[in-house]
Number of protein chains: 2
Amino acid sequence: MAVTISDVARHAGVSIATVSRIVNNLPGYSPETKDKVEASIVELGYKPNAMARGLVNRKTNTIGVLLPCVTGRFSSELLRGIEKIAHAKGYSVIICNTDMNGERTMSYLKTLSEKRVEGILFISEWLTDEYAVFLESLQIPVVLVATSNPASPFPSVKVDDFAAAYSATRYLIDHGHTRIGLISGTEKDPIAGRPRIEGFKRAMKDADLRCDQACIAFGDFHFESGIAAMAELDSRGLELSAVCAASDEMALGAMTYMHRMGRKLPEDLSIIGFDDTLDALMAYPALTTLHQPIELMGERAMDMLCSGTADDRQIILEHHITERDSVKDLR
Amino acid sequence: MAVTISDVARHAGVSIATVSRIVNNLPGYSPETKDKVEASIVELGYKPNAMARGLVNRKTNTIGVLLPCVTGRFSSELLRGIEKIAHAKGYSVIICNTDMNGERTMSYLKTLSEKRVEGILFISEWLTDEYAVFLESLQIPVVLVATSNPASPFPSVKVDDFAAAYSATRYLIDHGHTRIGLISGTEKDPIAGRPRIEGFKRAMKDADLRCDQACIAFGDFHFESGIAAMAELDSRGLELSAVCAASDEMALGAMTYMHRMGRKLPEDLSIIGFDDTLDALMAYPALTTLHQPIELMGERAMDMLCSGTADDRQIILEHHITERDSVKDLR
DNA sequence: TTGAAAGCGCTAACAG
DNA sequence: CTGTTAGCGCTTTCAA
């Protein structure tokens with residue numbers, strides 16, 4: 001990649017300014033020079049150096065995405081939406097797998113800032129003060145996806161987790177279930193954790209149903225933890241007829257536990273998931289779950305990132321229940 | 001991000017050269033100046049501009065990853081491995097979701113070349129001549145992952161697809177199955193398609209079993225196509241006792257078809273998958289599948305990318321069968 | 001329609 | 001130990 005703009009200029013017998021104009025589709029040259037220069041470009045295989053360009057126009061056409069775990073349907077589907085819009089608008093996306101690790105995250109943030117990314121998408125993770133302070137200092141658009149932090153100045157795109165959990169629980173109740181357990185995400189998580197727990201509890205209370213701590217088991221949103229949480233719930237002898245899970249993966253974990261115990265689904269236990277990733281569709285029985293418009297969430301977030309940092313709106317996307325075969329109707 | 005090296009220099013009352021030395025940990029300054037400068041850096045919130053740096057040292061510390069579909073466990077798990085090593089070695093990774101689209105791919109390739117990425121990982125897709133020519137012109141390390149092209153000069157990391165398919169089929173045969181179908185990927189795919197078909201056929205022939213075209217249905221490696229392919233196979237009245245799928249997702253599709261038809265697994269049909277992603281573990285019954293060391297593949301590829309373009313070795317990683325519950329032993 | 005020249009922010013000799 | 005200076009490859013006035 002040694003060929004530079006001056007190589008082209010020399011080869012075509014013009015100045016670098018002219019080559020630049022032609023490359024950038026600016027006016028100011030005769031058709032003949034244009035042809036001549038374009039021929040040289042092809043012949044030499046000239047590729048403008050984005051760094052040099054970026055240095056002068058202060059543009060990198062690159063954004064950064066921080067996510068807790070690249071492996072996982074939720075992240076993947078989100079990434080798909082992000083990538084789609086990013087490419088359409090001419091941006092490249094740098095992915096940063098934080099592994100939920102603070103140091104790692106800060107290290108990425110540092111890199112992204114040095115690389116002068118033009119925006120950052122912060123996904124599915126709680127925005128700590130440390131992150132917030134750093135991000136603010138960057139003076140670039142940031143949008144929180146599937147998370148939010150009212151104390152920060154950043155806009156966000158997510159569903160209403162409380163309402164969503166309420167509605168998932170309500171769905172179970174409406175189908176005649178009264179003894180319902182919750183497989184929650186991490187309790188400390190202020191976004192995908194607590195609000196979903198509260199939504200569950202509220203729905204249960206509104207229906208005068210039991211929902212003390214005994215009905216709740218905690219996981220980390222992933223499969224294995226779903227198995228463990230279901231085992232835990234099962235060991236408490238609550239005679240549950242249904243379980244609400246805070247993620248599809250944990251719901252599948254619960255199913256796996258039941259299968260292993262030789263129980264029938266949904267006859268012996270109804271399960272509702274959360275997310276509606278491909279996992280839900282592939283499960284057996286196919287998982288009834290709370291649908292989040294994941295890919296759309298990624299698209300909207302990317303749109304916001306591009307449309308400038310101005311609007312600090314908290315966008316709430318619609319959710320709904322996708323009915324499949326994992327909930328038995330007791331009515 | 002307006003603060004530059006000269007702001008720091010001015011603030012600290014030294015020259016930019018000194019600041020540069022300190023920032024880059026080069027020798028040549030007294031402890032006092034160092035402290036002074038570092039204080040200024042913190043106070044002003046100076047972040048070295050990676051573009052400016054890159055322009056002079058011709059380094060971007062960035063690599064590009066081209067993959068057909070970010071959504072999908074295989075890609076995700078690979079990405080995890082790639083990202084892990086990349087971060088450890090100080091590289092950022094730009095993801096490019098080609099969607100198996102030629103134009104889109106070329107457009108990404110162009111962008112990556114202008115951004116002067118230092119290496120490219122080309123994943124799971126057939127390397128066409130067009131791509132190969134372009135990639136060669138870039139003069140940077142390229143490694144093919146889960147694909148390969150002997151006609152190209154690029155090294156690759158993958159499993160032996162023929163041998164793997166042979167061994168998956170053989171596993172079924174060893175468990176007493178004689179009427180076995182294949183849910184193949186796209187026939188034209190010279191890597192994940194044909195070799196797996198050939199491996200299947202060879203295993204069947206070696207055992208004197210029927211394996212004509214009627215035993216094979218084609219999908220596109222994804223879930224829905226697995227359902228369709230299984231339906232197709234089923235409609236041919238072959239009395240199959242087992243099916244070999246060229247991806248876990250298609251295997252799950254086949255399972256879903258069977259469940260929908262009210263058949264029992266693995267009693268009515270044994271199924272073996274390919275990949276051993278988390279999907280296989282979460283399936284019901286848990287899927288016995290041909291294990292590819294996916295994350296490791298990503299790590300190795302990234303290692304090769306960094307260790308220079310010198311070795312054009314075709315690395316073949318070990319595969320094995322992960323036994324779970326989807327294959328019935330007929331012996 | 002064209003070119004010369006001044007930077008963009010930084011590194012790397014080369015002098016002191 | 002420290003500063004000056006010449007680029008890295010490109011865009012963008014400003015003149016011609």
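Every chain is numbered from 1, with letters handed out A, B, ... down the list of sequences.
Residue B/Thr18 has a polar side-chain atom (N or O) positioned under 4.0 Å from OP1 or OP2 of D/dG3. Between C/dG9 and B/Thr4, no contact under 4.0 Å exists linking OP1 or OP2 to a side-chain N or O. Phosphate proximity of C/dG9 to A/Arg116: absent, as no side-chain N or O sits under 4.0 Å from OP1 or OP2. The phosphate of C/dC10 has neither OP1 nor OP2 within less than 4.0 Å of any side-chain N or O from B/Ser6.
Among residues two or more places apart in sequence or in another chain, the side chain to side chain contact (heavy atoms under 4.5 Å, CB included) test is passed with A/Glu43 by A/His11. Under the rule for a side chain to side chain contact (heavy atoms under 4.5 Å, CB included), the partners of B/Ala132 that lie at least two apart in sequence or sit in another chain are B/Leu127. Qualifying side chain to side chain contact (heavy atoms under 4.5 Å, CB included) partners for B/Thr60, counting only residues two or more places apart in sequence or in other chains: A/Met51, B/Thr62, B/Arg116, B/Glu118.
In this structure, the side chain of B/Glu299 does not engage the main chain of B/Gly81 through any donor-acceptor pair within 3.5 Å.
Rounded to whole Å, atom P of C/dG9 lies 8 Å from atom CG of B/Asp7.
For residues 103-144 of chain A, the set of pairs meeting the ring-ring contact (aromatic ring centres under 6.0 Å, His included) definition, not counting sequence neighbours, comprises A/Tyr108-B/His87, A/Phe122-A/Tyr131.
Going from atom NZ of B/Lys115 over to atom OG of A/Ser92 covers 2.5 Å, rounded to the nearest 0.5 Å. Considering CD1 of A/Ile5 and OG of A/Ser20, their distance stands at 4.5 Å, rounded to 0.5 Å.
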Contact letters for nucleotides 11-16 of chain D, in which S counts primed atoms plus P, OP1 and OP2 and B counts the base, heavy atoms under 4.0 Å:
BBB---
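Across its full length, the helix from C/dT1-D/dA16 to C/dG16-D/dC1 shows an angle of 40° between the axes of its 5 terminal pairs at either end, rounded to 10 degrees.
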